[in-house]
K.L.:
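Before we start, here is the structure in question, set down as structure tokens.
So that the names make sense, note that chain A is the first sequence line, chain B the second, and so on, each numbered from 1.
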Amino acid sequence: MTLQIEKSAPRTEKTTQQNRGKVRLREHLMGWLFVGPFGIVFLALLIAPLAYALYLSLFQKKLIGGTSFVFLDNYVKAFTDPSFLSGSWFVIRFSLVSIPLQIIIALAMALILDAVTNAFTRFSRLMIFLPYAIPTVIGAVMWGFLYSKNFGPLTDIFALFGGTAPNFLSSNLIFIGLVNIVTWQWAGYYMIILYAALQGIDPALYEAARMDGAGKWQVALRIKIPLIAPALILILVFSLIGTLQFFNEPQILRSLAAGAIGPDYTPNMYAYQQAFSLANFNYGSAISFALGGVVFIGVYAFLFFTRKRRSFL
Amino acid sequence: MSNRPRPQRNLPLQVFLGFLVVYFLVPFWWVIVNSSKDAPGLFGGGNTLWFADNIDYLGNLQQLFTYDNGLYGRWILNSTLYAIAGGVGATLLAVMAGYGFAKYRFAGRRFSFALVLGALMVPATALVIPTFMMFSQLGLTNTIWAVILPSLLNPFGVYLMHVYARDAIPNEILDAARADGAGEVRTFLQVALPLMRPAVVTVLLLSAVASWNNYFLPLAMLSDNRLFPVTVGLGLWQGIASGNNAGTTSLWSLIILGALVSVIPLVIAFFTLQRHWRGGLSVGGLR
């Protein structure tokens, strides 16, 4: 556009440059005016806390001798602390099991809802999405009831077949109990994102594939899934970030399954315990910062990796 | 090859879908059924998936809202305040910033946008402890601001608005408005904002839901239970109820009904606004 103006309306070099300078300055100002308010919040509530966490994590508070600078000692302590390590190992195992499960279920539901449209599937779509509107805390409370021996239905259902109900609040089965809660909570949300992506595909592609003799399964596997790969990667990232900072559900179930879930069950719970139960804010900050750093690097590496891989899908 | 749907071939898929729907609805059904029971009905060993003989929603509701001087009602009001203040504030900031990033080429734009994208990967809970420490030095902990201010930060909202503003607002329209003599602010309010409406509703809903659902932040920030949102409040009750099983059987029925009542506002919001948010949600998912 600028080129056209210069061609059609010849003017002296000087005024153009002056005008352009004015326009540029105004654009800078207006840009910052719009971005500025968020920028202030961003600095005050993201950058400042992160910097402060880093600062705090470099100190140690002792009963005798007060607070002293210890450099990376807190991090050395964290990465050799059995509580932190077992918590980290738990969230990694939990991610490896629960994320693929959630995505497979979400993908299956999205493909069905995309292929079959009638009143029942429209109703199903809403009902499957419903748990997303439920706070994770309330979801955990609800499932805690269902798992409970006192008022859950499991005892009755298994008694019908003469069996004993599995106790999902016991230390053997709590892992499965938590996987189930998380899947129930999030699969519907991921389904909606995938469904929206599927609806955005040009139907002419399916027609062309059918002409070439592709069946329904082949269309789903070879056309639909590759085309929604960006949406799949997006929900993978969401679920990875969410799962690594796992806190609400185990914290709520703790009161029902005290023997199965310790106060250091996940890194976030451990940081919370250190900071708020033991007033050990320096070490709590170090755990928070280490967790944040690991998640950031992990997700960044994942995005980098999939960016290369995506073209092969 | 006809495009006519063939229901008989889809039947297995629909049966499978039916099973999934039952799975997703079971917890709601359990809560709806059991919030109608009194303590004996709850612990009497009756059918846990069906109503007891005496259905007493009104009595239970009255108990819920009068227990401990109407504490539960306060929690609901607090949650509403936090969700509205956090949601509206975060959306306002996100809309402006997204528009600014999309439509102005200002110095430092690429760098600051890269920072916002990086912030998407920072887990929100990692900020809770240091924010608490900062706020406690400013005397802000245990006030409503301790919950509202951190909710204003929504980098994903900025990202979503940026993508939407970039694609849904043609530069020509903005230039035309400017040529007609409209200032930048008026151009934004009267030309750009109406075009961004689906994304605005989506971001508003997502940030309000995030505030309503928040647990870790208020749990850390607040010690006065009269400031609790409903999530922290019910968590507190549940801890008390399971702590001493014998004396607090009545608290369990309050928790069950409390859980049911607390999810009703969001369920209604989602269903009534679904036309708006579904269009906006796909924007973030496609890119």
Side-chain angles (χ1 to χ4, degrees), chain A residues 27-28 30-32 34-35 37-38 41 45-46 49 52-53 56 109 112 116 120 124 127-128 130-131 133-138 141-143 145-146 151-153 156 192-193 196-197 200 230-231 234 241 244-245 247-248 252 255-256 268 271 275-276 281 284-285 288 291-292 295-296 299-300, chain B residues 1 10 13-14 17 20-21 24-25 27 30-31 42-43 48-49 93 96-97 99-101 104-107 109 112 119 121-123 125-127 129-131 133-134 149-150 152-153 158 184 212-213 215-216 220 231 234-235 238-239 242 255 259 262-263 266-267 270 278 281-282 285-287:
Chain A
E27 185 150 10
H28 289 309
M30 288 314 296
W32 277 109
F34 277 108
V35 175
F38 176 78
V41 170
L45 293 162
L46 188 106
Y52 195 46
L56 282 174
M109 294 187 300
I112 294 175
V116 189
F120 173 67
S124 307
M127 293 304 115
I128 290 168
L130 197 58
I134 310 305
T136 51
V137 168
I138 307 298
V141 168
M142 286 168 150
W143 278 103
F145 287 136
L146 287 166
F151 22 59
D156 293 346
I192 288 281
I193 294 181
L234 180 92
I241 295 174
L244 292 176
Q245 52 179 333
F247 179 82
N248 294 0
I252 284 293
S255 54
L256 299 173
N268 242 337
F276 296 105
F281 287 101
S285 297
S288 274
L291 178 70
V295 171
F296 184 88
V299 172
Y300 195 87
Chain B
M1 287 276 164
N10 292 327
L13 289 183
Q14 294 195 45
L17 204 59
L20 285 172
V21 169
F24 282 102
L25 289 183
W30 189 93
V31 168
L42 206 53
F43 289 91
T48 51
L49 285 178
L93 295 175
M96 285 174 62
Y99 176 75
F101 277 125
Y104 294 96
R105 301 278 166 278
F106 55 90
R109 170 178 162 275
S112 28
M121 293 171 242
V122 175
T125 55
L127 299 172
I129 292 173
T131 308
M133 297 291 287
M134 269 171 46
L149 289 179
L152 297 180
L153 181 76
V158 175
E184 296 294 331
W212 183 277
N213 288 355
Y215 178 66
F216 194 13
T231 48
L234 284 179
Q238 205 216 22
S242 38
I255 298 168
S262 76
V263 304
L266 278 197
V267 170
F270 265 100
R278 232 187 305 130
L281 206 61
S282 58
L286 284 172
R287 275 151 241 265

K.L.:
On a heavy-atom basis, which atom in B:Ile129 and which in A:Phe281 lie closest, and how many Å separate them?
P.N.:
CG2-CD2, 4.4 Å
K.L.:
Over all heavy atoms of both residues, which pair between A:Phe34 and B:Gly100 is shortest? Give the atoms and the distance, please.
P.N.:
CB-CA, 3.8 Å
K.L.:
Check each atom of A:Ile138 against the heavy atoms of chain B and say whether the ones under 4.5 Å are side chain, backbone, both or neither.
P.N.:
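Looking at A:Ile138, just its side chain touches chain B.
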K.L.:
For A:Val35, is it the side chain, the backbone, both or neither that has a heavy atom under 4.5 Å from a heavy atom of chain B?
P.N.:
both
K.L.:
Pick from B:Ala259, B:Ala126, B:Pro123: which one has the most heavy-atom pairs with chain A under 4.5 Å?
P.N.:
B:Pro123
K.L.:
Given heavy-atom pairs under 4.5 angstrom as the criterion, report whether the side chain, backbone, both or neither of A:Ile128 touches chain B.
P.N.:
both
K.L.:
Below 4.5 Å from any heavy atom of chain B, which atoms of A:Phe247 appear? Answer side chain, backbone, both or neither.
P.N.:
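When you check distances to chain B, only side chain atoms of A:Phe247 fall under 4.5 Å.
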K.L.:
Under 4.5 Å from any heavy atom of chain B, what part of A:Ala275 do you find: side chain, backbone, both or neither?
P.N.:
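Only the side chain of A:Ala275 comes within 4.5 Å of chain B.
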K.L.:
Quick one: of A:Val141, A:Asn268, A:Ile241, who has the most non-hydrogen atom pairs under 4.5 Å with chain B?
P.N.:
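Of the candidates given, the most pairs with chain B belong to A:Asn268.
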K.L.:
Side chain, backbone, both or neither: which part of B:Thr231 has an atom under 4.5 Å from a heavy atom of chain A?
P.N.:
both
K.L.:
I'd like to know which of B:Ile255, B:Leu127, B:Val267, B:Leu153 tops the heavy-atom pair count under 4.5 Å against chain A.
P.N.:
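Sorted descending by pairs with chain A, the first entry is B:Leu153.
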K.L.:
Let me know if B:Tyr99 has heavy atoms under 4.5 Å from chain A in its side chain, its backbone, both or neither.
P.N.:
side chain
K.L.:
Where on B:Leu234 is there a heavy atom nearer than 4.5 Å to chain A: the side chain, the backbone, both, or neither?
P.N.:
side chain
K.L.:
Which atom names give the shortest non-hydrogen contact between A:Trp32 and B:Ser112, and what distance separates them?
P.N.:
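For A:Trp32 and B:Ser112, the tightest heavy-atom pair comes out as CH2-OG, 4.0 Å.
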K.L.:
With respect to chain B, which residue among A:Gly284, A:Pro131, A:Ser285, A:Ala271 yields the maximal number of heavy-atom pairs within a distance under 4.5 Å?
P.N.:
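Highest number of pairs under 4.5 Å: A:Pro131.
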